[in-house]
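Report on the following structure.
Residue numbers start at 1 and run along the sequence shown. Since the structure is predicted, the reported quantities are computational estimates derived from the model, not experimental observations.
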Amino acid sequence: MKAGPSQEEVRQHNLGALLRLVHFDGPTSRAVLATRLGLNRSTILGLVGDLTAAGLVREELPQETGRAGRPSLVVRPESTRVHVLAVDLGVERLATALIGLGGVFLDRRECPWPDGHPQDPARVAAILAGFAHEMLARAPAGSSCVGVVVAVRGIVRHPDGLVSLTPNMGWKGVDFAGAFADRLGLDVPVLVANEANLGALAEHRRGVGRGSQNLVYLHGEIGIGAGVIIDGELLRGERGYAGEVGHMTVNPYRGRPCGCGARGCLEAEAGERALLEAAGRDGRLTGADAVRSVVTAADRGDVTAREALHLVGDWLGIGIANVVNLFDPDLVILGGTLRDVFLGSAAQVRSRINTNALAAVREKLRLRVSELGADTVLIGAAELAFSEVLTRPLETLTRVSEQRQARPTTPSPSVPGPTDVS
């Protein structure tokens with residue numbers, strides 16, 4: 001007969017569960033923690049004491065409650081003890097952020113893609129490492145970095161993070177995690193993940209998807225990707241490629257060419273370039289501002305812009321109908337530039353879903369736009385980077401501390417910035 005978990009294993013599990021709760025929910029009283037975790041108050045007292053001693057949480061009086069009497073102390077995450085590095089290789093910008101427990105942004109850097117050869121992974125790694133070293137040097141004294149996650153717009157293999165293909169950047173079979181880790185010189189895991197998967201994690205844990213156990217997050221920029229949450233867990237597939245709905249064929253015979261080499265993919269028919277070209281704009285000048293300009297023009301009565309949104313909204317509705325037929329979510333969230341496209345074409349999108357989706361799966365379906373805005377992907381990257389410390393808090397801190405003490409005290413390498421990369 002298999003032995004049950006030891007007392008220490010149960011304790012480690014409970015430490016992680018308590019830290020996750022305050023990380024996601026913020027300041028919480030011991031009484032609420034006991035109820036939510038199903039533990040008695042003396043156990044909660046011990047767990048809070050251990051996490052406080054490690055510097056991961058602190059107890060304090062709550063902000064003004066409006067109630068008479070002495071308020072109970074609340075437990076809140078200590079954002080300056082551990083942090084993670086979140087990186088977003090966006091379409092328009094390179095962005096990095098240092099994010100502490102509780103989702104607090106401690107520092108951030110960003111710049112446009114460098115001129116010349118933005119597809120060069122080594123050059124990109126150098127720029128991002130430069131930003132990272134600047135922020136780590138300014139991090140609170142005594143704090144530790146416990147994880148690094150990089151978001152890319154492309155097909156990323158799980159679990160090793162190999163970038164198999166980024167149709168709009170020209171990367172194929174790129175080990176960006178290795179290149180970036182070499183530049184960083186940190187003794188922490190460096191993970192690479194698809195931006196839509198990270199967006200799904202962010203909205204599920206901190207955005208409009210909180211409380212939903214089955215959702216689809218659609219992220220649009222030049223391409224379209226999807227992150228799928230099933231029964232509260234991210235759907236990855238055999239090799240991590242699940243959710244590539246942007247390359248779902250919706251118009252095979254007369255479809256527009258797609259960056260993946262096929263024709264009639266959803267992102268080719270409903271992506272930024274399709275919208276801008278249908279609106280009579282230069283399809284090469286993509287980006288959030290360009291998309292918003294079409295939506296604004298349509299609101300002001302521009303017939304061509306309205307027709308473009310109607311056309312793209314129709315294809316987007318077809319794509320969403322296929323997705324909900326496949327996954328039966330209760331919620332579909334639209335982020336990136338799809339947020340603006342949906343707001344400008346909601347009636348057409350809903351009409352197509354009502355026509356093409358099964359009545360049973362659309363009965364309670366909700367369509368919402370991203371609540372976290374332009375930071376959605378960075379927030380999702382941070383949540384993935386926090387996974388280890390939120391599962392095994394004290395073990396992770398001990399390991400990071402030991403690795404820091406064993407690391408040679410040599411100066412950080414000189415890292416070229418965005419304007420001086422050779």
Side-chain angles (χ1 to χ4, degrees), residues 5-28 30 33 36-37 39 43-60 73-87 96-107 132-133 135-150 159 177 180-181 184-191 201 205-206 378-409 412:
S6 67
Q7 186 174 357
E8 179 58 22
E9 288 172 332
V10 171
R11 173 176 168 271
Q12 293 296 332
H13 169 81
N14 289 337
L15 285 167
L18 192 154
L19 186 60
R20 284 194 300 274
L21 199 154
V22 297
H23 171 69
F24 293 129
D25 291 356
T28 310
R30 290 183 195 167
L33 288 171
R36 294 280 300 277
L37 297 176
L39 301 172
T43 300
I44 292 294
L45 177 63
L47 296 174
V48 170
D50 289 343
L51 293 174
T52 300
L56 294 172
V57 302
R58 69 179 186 271
E59 288 192 281
E60 62 184 22
L73 293 173
V74 294
V75 182
R76 69 162 60 240
E78 179 54 80
S79 61
T80 59
R81 176 64 179 90
V82 297
H83 53 258
V84 296
L85 183 66
V87 180
T96 61
L98 211 62
I99 300 178
L101 274 176
V104 177
F105 278 67
L106 303 173
D107 202 351
H133 288 146
M135 293 189 297
L136 291 169
R138 293 163 53 94
S143 64
S144 299
C145 182
V146 295
V148 180
V149 170
V150 181
F180 191 42
L184 279 176
L186 299 177
D187 294 319
V188 296
V190 176
L191 307 177
L201 284 177
R205 294 177 179 177
R206 294 196 174 275
L378 281 174
I379 292 169
E383 293 306 332
L384 181 59
F386 274 126
S387 295
E388 187 175 2
V389 76
L390 293 177
T391 303
R392 297 177 295 275
L394 302 188
E395 291 179 20
T396 302
L397 278 187
T398 299
R399 176 180 55 77
V400 169
S401 177
E402 291 173 349
Q403 289 173 339
R404 175 189 288 176
Q405 293 172 5
R407 187 187 310 157
T409 55
S412 297

- Nearest heavy-atom neighbours spanning V389 and L19: O-CD2, 3.7 Å
- Item | Any donor-acceptor N/O pair, H133 side chain to L184 backbone, under 3.5 Å | yes
- Check whether any side-chain heavy atom of E60 sits under 4.5 Å from a side-chain heavy atom of V74, and report yes or no. yes
- Message: Just to verify, what does N14 make a side chain to side chain donor-acceptor pair (under 3.5 Å) with, not counting sequence neighbours?
- Response: none
- Note on the structure: Residues passing the side-chain contact (heavy atoms from CB on, under 4.5 Å) test with R205, sequence neighbours excluded, are F24, L201, E383
- Less than 4.5 Å apart, any side-chain heavy atom of L18 and any of I44? yes
- If you measure from CE on M135 to CG on L106, what distance do you get to the nearest 0.5 Å? 9.5 Å
- Message: Does anything in residues 388-398 form a side chain to side chain donor-acceptor pair (under 3.5 Å)? List the pairs, not counting sequence neighbours.
- Response: E388-R399
- How far apart are the closest heavy atoms of C145 and V84, and which atoms are they? SG-CA, 4.3 Å
- Taking every non-hydrogen atom, the tightest pair across L394 and A54: CD2-CB, 3.6 Å
- Item | Non-neighbouring partners of E8 that pass salt bridge (charged side-chain N to carboxylate O under 4.0 Å, His left out), sequence neighbours left out | R11
- Do V150 and L191 have side chains that get closer than 4.5 Å, going by heavy atoms? no
- Decide yes or no on side-chain contact (heavy atoms from CB on, under 4.5 Å) for V82 and L397, but give the supporting numbers first. CA-CA 9 Å; V82 297; L397 278 187; 3.3 Å; yes
- Task: Evaluate the side-chain proximity of L39 to L47: yes if any heavy-atom separation is below 4.5 Å, no if none is.
- Result: yes
- Task: Determine whether S143 and R81 make a side-chain contact, defined as any pair of heavy atoms from C-beta on separated by less than 4.5 Å.
- Result: no
- Message: Rounded at 0.5 Å granularity, tell me how far CG in L56 sits from CG in L15.
- Response: 9.0 Å
- Item | V22 vs L51 side-chain heavy atoms within contact, under 4.5 Å | no
- Message: Just to verify, what does E59 make a side-chain contact (heavy atoms from CB on, under 4.5 Å) with, not counting sequence neighbours?
- Response: R30, V48, L73, V75
- Message: I need the S144 OG to L136 CG distance, nearest 0.5 Å.
- Response: 11.0 Å
- Message: When you compare the side chain of D25 with that of R36, does any pair of heavy atoms fall below 4.5 Å?
- Response: yes
- Task: Using modelled atom types only, decide if a donor and an acceptor are shared between the side chain of R58 and the backbone of E78 within a distance under 3.5 Å.
- Result: no
- Task: Quick one: list whatever passes salt bridge (charged side-chain N to carboxylate O under 4.0 Å, His left out) with D107, sequence neighbours left out.
- Result: R109, R138
- Item | L101 CG to R20 CZ distance, which is reported to the nearest 0.5 Å | 12.5 Å
- Item | Validation row: V146, V188 side chains within 4.5 angstrom (heavy atoms) | no
- Query: Closest approach of F386 and I99, non-hydrogen atoms and distance?
  - Reply: CZ-O, 3.3 Å
- Message: For the OG1 atom of T43 and the CG atom of L33, what is their distance to the nearest 0.5 Å?
- Response: 12.5 Å
- Under 3.5 Å, side chain of H23 to main-chain N/O of G102, donor-acceptor pair present? yes
- Query: CG of L390 to CG of L384: how many Å apart, nearest 0.5 Å?
  - Reply: 11.0 Å
- Taking every non-hydrogen atom, the tightest pair across A382 and A86: N-CB, 3.9 Å
